[in-house]
Structure formats: structure tokens, C-alpha cells
Visitor: 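There's a structure below that I have some questions on.
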Amino acid sequence: PLGSSRLRLCAASDTASTMQIPMAHQARRTLRARFAWRAALTTAVVVAAVGIASIVYWESQVKDAIEDGVSDHLGALEAELDLAALGPSSAPDPVVLPTPERFVQVVTRTGQVVAASSELASLGPVLSPAEVTAAPGDFVAEISDPSDSSAQALVMARTMTIDGEELIGIVGASLEPEAAARATSLWIIGLAVPLLAGLIGWGVWLAVTYAMRPVHELASQADAVAKGKAPWRLEVEPDTVEISSLAVSLDNLLDHLRDAFEGERQFLDDASHELRTPIAVARGELDLLLHEVDGDSAARDAVLSSIEELDRLDRLAADLLTLARARESYPRLRPCDLAAIARRATATIMREPGQRDVKVCVRGSAAAQGDDNALERVFRNAIENAVTHCERRVDVTLAEEDGRAVCTITDDGPGFAEAHIGSSFPRFGHGRGRVGNGSGLGLAIAAAIVTAHDGTIDATNRGARGAQVTVTLPIAQPG
């Protein structure tokens with residue numbers, strides 16, 4: 001009876017704590033980032049490969065030039081020795097030869113130095129005479145530079161006859177130009193690889209960004225269509241054949257979706273209207289029949305049971321009609337006091353016949369942009385679900401966070417089944433078990449209304465005991 005239902009609301013306090021709504025973000029690489037990264041990596045590999053190949057090639061060229069110079073000097077050494085006044089091989093000091101660019105040394109088969117450039121005059125033979133004479137032609141080797149032990153030198157030697165005496169002529173040149181060329185090339189490559197890779201990657205980033213602008217526009221308009229903020233057409237002027245084909249395909253898809261949604265909504269609307277008339281007629285006839293079976297308790301119980309099922313069927317038809325219209329946009333949105341709406345919804349629930357003695361506590365305040373009647377239906381369905389399944393208490397907490405109005409409804413009853421946790425609320429889904437005469441459409445209707453208001457609704461469990469439904473809505477706009 002109405003008199004037995006009791007409504008107990010907790011006074012709202014200004015010090016009520018606000019709820020923290022965690023948001024999960026999944027970092028994903030964009031298409032332009034992938035293209036830019038791949039272009040930069042490919043450029044780096046290509047430039048490095050070309051640079052290394054160039055180093056190898058130019059090193060061989062420089063080395064060949066040094067070897068050709070040494071060979072030419074060695075060929076001219078015999079004429080220089082004929083002009084030089086070489087003393088006997090037994091002379092204590094070698095003759096100093098003028099060689100400004102390369103070092104020269106002339107030794108006997110026994111290893112005595114008879115002539116040399118200034119830097120080698122005081123040194124012993126730089127090559128073993130036995131190695132030179134054993135070679136079938138000119139002997140070529142790389143040795144430590146006699147004038148600079150930290151560098152390498154290329155030496156070439158051959159046997160020659162001067163004044164009837166067989167001598168070994170040795171000519172060498174430093175490989176420092178080759179090492180300097182290698183170091184310079186490596187420095188240039190080390191600078192060019194990241195510079196070119198960065199420039200190419202940046203260029204590809206800009207190119208892909210420009211090319212993807214129509215795609216972003218299509219995605220933005222498709223999102224607006226999904227939220228009911230735009231007509232079921234994409235108003236984008238594509239400038240390429242590919243984007244044009246994509247836009248046409250998306251428009252065709254939206255046409256099919258619109259037809260499907262309209263057909264479903266019309267079916268639910270028509271079915272609800274058609275069901276309610278025979279239900280009302282049957283209910284009236286059962287009410288008349290109830291007066292005629294007062295003396296038969298069994299018949300009376302059967303009629304009362306039928307009336308109860310008809311009432312349930314009538315609520316189901318009404319819920320189907322509400323669900324069919326819940327996806328429609330609400331043209332007249334205005335600031336709504338969510339605390340007042342929550343209290344009105346709670347009062348309506350607690351006035352229902354046979355309602356349980358449950359404590360419902362509304363705390364905090366928030367204002368949202370929406371349709372007052374539709375939002376009251378959201379609160380009524382969510383709070384009724386909590387009241388139906390709780391043990392003793394339901395808490396409704398309101399707050400404004402990050403430009404959104406947040407409402408959290410918690411209870412101390414059994415939680416949601418695993419399949420019903422999250423933002424998906426299937427129709428006729430009894431996520432907490434079938435209790436009472438509920439149709440299983442309450443939270444599905446609430447979710448449809450909240451989505452039409454550009455909001456979100458989410459269901460979670462609080463540990464081993466208790467459930468929580470969180471609703472977020474756009475905050476009320478001033479003016």
C-alpha cells in the first residue's frame with residue numbers, strides 16, 4: 001500500500017567528497033607517424049649504405065693514386081741514383097737524397113743503407129732484403145710510417161743495378177691522406193644520415209597530414225552523425241579519387257544504417273502501440289471478472305495472477321516505446337538541476353506500492369545540459385535498479401569534474417555479472433539476476449537516453465559486495 005512506503009533522503013552537504021573517474025588511455029601510433037618513421041628509417045639505411053659504399057670506393061681511389069705515385073717514383077729512382085754521386089757501399093754514412101714528398105731508401109743485399117731520404121738516413125732498412133728479392137715482381141706492403149709511428153705507409157721495392165752493383169730501391173708514401181679522407185667521409189655520413197632522415201620524415205609527416213585531412217573530416221562528421229548532431233550524410237568535398245570513393249562508401253553505409261535504425265524504431269513504436277490496446281481491454285475484462293469470482297479463492301488467485309502478468313506486459317510495452325524514442329535527439333536542451341531530478345526520481349520510486357524500506361541518500365550537486373523529463377527517466381531507472389538489488393542502502397553522489405556532470409549510484413547489493421560490466425547494457429539483460437517484475441530494459445533505456453545527450457554510462461562492481469553505475473553528462477551551459 002502507498003502508506004507503507006517510506007522515503008528517506010540524506011541531506012546534501014557542501015563537504016561531500018567528489019568521485020574520481022579514472023580514464024584509460026591507450027596510446028596508438030597514427031598513420032602519419034608510421035609513414036614518417038618508416039620513411040626516416042629507410043632514408044637512414046639508404047644514405048648509410050651509399051655513404052659506406054662511397055667511402056670504400058674513394059678509399060680505393062686514393063690508395064690507387066698513392067700506389068701509382070710510389071710506382072712512378074720508384075721507376076724514376078734509378079735515374080736519380082745514376083746522377084747522385086753514390087760512394088762505395090762500404091761508406092760509413094748513406095747519401096742523403098732530396099725527396100720532398102716521399103721517403104726513399106737504397107740498401108744492399110746485406111741490408112746496408114747506401115742512400116736514403118733525410119728522415120731515413122739514420123735508420124736501418126725499413127724492409128728485409130730477403131723479402132724483396134723473393135718477390136716475383138715489385139714488392140708492395142703496408143708498414144708503420146717511419147716518420148710517424150701512429151700512421152701507416154705504403155712502400156714499394158724492386159731490385160736495380162747501379163754502377164754494376166745490385167741494389168734494392170725502396171720508395172714509400174704515407175697513407176695519412178687515405179685515413180683523413182675516411183675520417184672526413186665518416187663525419188659527413190654521421191651528420192647527413194640523421195639530417196636527411198629527419199628532413200624526409202618531416203616531409204612525409206606533412207605530406208600524409210595534408211593527404212589525411214579529408215579522412216579526418218569524414219571521421220569527424222561520421223562521429224557527429226553517430227552522436228545525432230548531424231544529418232545522415234557526410235558533407236565533405238574530396239579532392240582525390242580514393243577519398244571520393246571512401247566518402248561514397250561511407251554515405252552508402254550510413255544510408256543502410258539509417259534505414260535499419262528507422263525500421264527498428266518504427267517496429268518498436270508500432271508494436272508498443274498495438275500491444276497496449278489489447279492489454280488495456282484484457283485488463284478491463286479481468287477487473288470485471290474479479291468481482292464475479294469473489295467466492296472462489298482459487299479463481300480469484302488465478303485472475304489476480306493474470307492481472308499481474310498483464311501489468312508486467314503493459315510496462316514492457318511502455319518500456320519498448322520509450323526505448324524506441326530514446327535515441328531521438330532532444331531539441332530543447334536546457335540547464336537541469338541533477339540533484340533535484342535525482343530526488344524526484346527517488347520519491348517516485350519509493351511511492352510505488354509494495355516498495356522496500358531502503359535508505360536512499362543523495363549528496364552533492366551538479367547541473368547538466370539536457371532534457372529534464374528524459375534525465376529523470378535515467379535517474380529513475382538507475383536508482384530503481386539499485387533499490388531493487390540492494391540490501392539496505394543506496395548512495396547517489398553528484399559532482400562536476402573536468403567540464404562534465406558526474407553522477408555515481410552505488411548500492412550494497414550483489415554486483416553485476418561479468419558480462420554486464422562496462423558500458424554495454426543489452427536489452428532484456430538481467431545483469432544482477434531477475435528480481436521482481438522488471439523487464440530488463442531499465443538500464444538499456446538509460447544508456448540510450450544518456451548517449452543521445454552526448455554522455456556516458458558505465459557499470460562496475462565495488463569489491464566483493466556492491467555495484468556502481470556512473471553517468472557523465474555535458475555540464476550546463478551558462479545563459
Side-chain angles (χ1 to χ4, degrees), residues 10 12 16-27 226-227 319 323 326 338-339 341-343 345-346 349 356 358-366 368 370 374-436 438-475:
C10 293
S17 60
T18 59
M19 299 294 293
Q20 296 287 334
I21 308 298
M23 300 296 290
H25 298 280
Q26 181 181 6
K227 294 178 179 179
D319 287 345
L323 184 61
L338 296 186
I341 292 175
R343 291 187 177 90
T346 303
I349 294 169
R356 301 171 58 204
V358 173
K359 184 177 183 180
V360 180
C361 185
V362 180
R363 292 190 179 90
S365 62
L375 292 181
E376 183 174 345
R377 183 60 185 264
V378 171
F379 278 88
R380 187 163 71 247
N381 289 4
I383 295 174
E384 185 175 24
N385 179 275
V387 168
T388 301
H389 295 89
C390 75
E391 289 188 355
R392 292 179 300 274
R393 182 184 178 92
V394 174
D395 291 296
V396 181
T397 305
L398 299 163
E400 294 181 359
E401 301 177 3
D402 300 327
R404 306 283 285 182
V406 181
C407 172
T408 305
I409 302 167
T410 58
D411 62 71
D412 57 356
F416 289 95
E418 190 69 27
H420 291 76
I421 293 178
S423 58
S424 176
F425 298 95
R427 303 170 189 174
F428 308 106
H430 298 273
R432 307 176 72 178
R434 183 182 290 273
V435 178
S439 63
L441 290 173
L443 292 181
I445 293 172
I449 296 174
V450 169
T451 301
H453 280 75
D454 196 20
T456 62
I457 182 169
D458 183 74
T460 57
N461 290 331
R462 300 191 307 151
R465 195 73 178 169
Q468 174 175 303
V469 174
T470 303
V471 177
T472 64
L473 294 165
I475 201 167

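Throughout, numbering of the chain's residues begins at 1 and tracks the sequence.
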Visitor: Do Val394 and Lys359 touch side chain to side chain, with heavy atoms closer than 4.5 Å?
Guide: no
Visitor: What are the two closest non-hydrogen atoms of Val450 and Ile457, and how far apart are they?
Guide: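 Scanning both residues, the minimum pair turns out to be CG1-N, 4.2 Å.
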Visitor: Would you call Val358 and Arg392 a side-chain contact if the rule is heavy atoms closer than 4.5 Å?
Guide: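 No; the side chains remain at least 4.5 Å from each other.
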Visitor: Are any of the side-chain heavy atoms of Gln468 and Ile409 separated by less than 4.5 Å?
Guide: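 The answer is no; the side chains never approach within 4.5 Å.
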Visitor: Just so I know, are the side chains of Asp411 and Arg393 near enough to count as touching, which here means a heavy-atom distance under 4.5 Å?
Guide: no
Visitor: With heavy-atom distances below 4.5 Å as the criterion, would you say the side chains of Phe416 and Asn385 are in contact?
Guide: yes
Visitor: Salt-bridged, Arg363 to Asp395, with N to O below 4.0 Å?
Guide: yes
Visitor: Applying side chain to side chain contact (heavy atoms under 4.5 Å, CB included), can you list everything that pairs with Ala366, at least two apart in sequence or on another chain?
Guide: Leu338, Leu398, Glu400, Ala405
Visitor: Can you name the one residue among Val396, Val378, Val362 that meets side chain to side chain contact (heavy atoms under 4.5 Å, CB included) with Ile383?
Guide: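 Checked Val396, Val378, Val362 against Ile383; only one passes side chain to side chain contact (heavy atoms under 4.5 Å, CB included): Val396.
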Visitor: Rounded to the nearest 0.5 Å, what separation is found between the OG1 atom of Thr346 and the CD atom of Glu384?
Guide: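 Separation between the atoms: 11.0 Å.
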Visitor: List the atom of Glu376, the atom of Ile341, and the distance in Å for their closest heavy-atom pair.
Guide: CA-CG2, 3.4 Å
Visitor: Could you grab the distance from atom CZ of Arg404 to atom OG1 of Thr456, nearest 0.5 Å is fine?
Guide: 6.0 Å
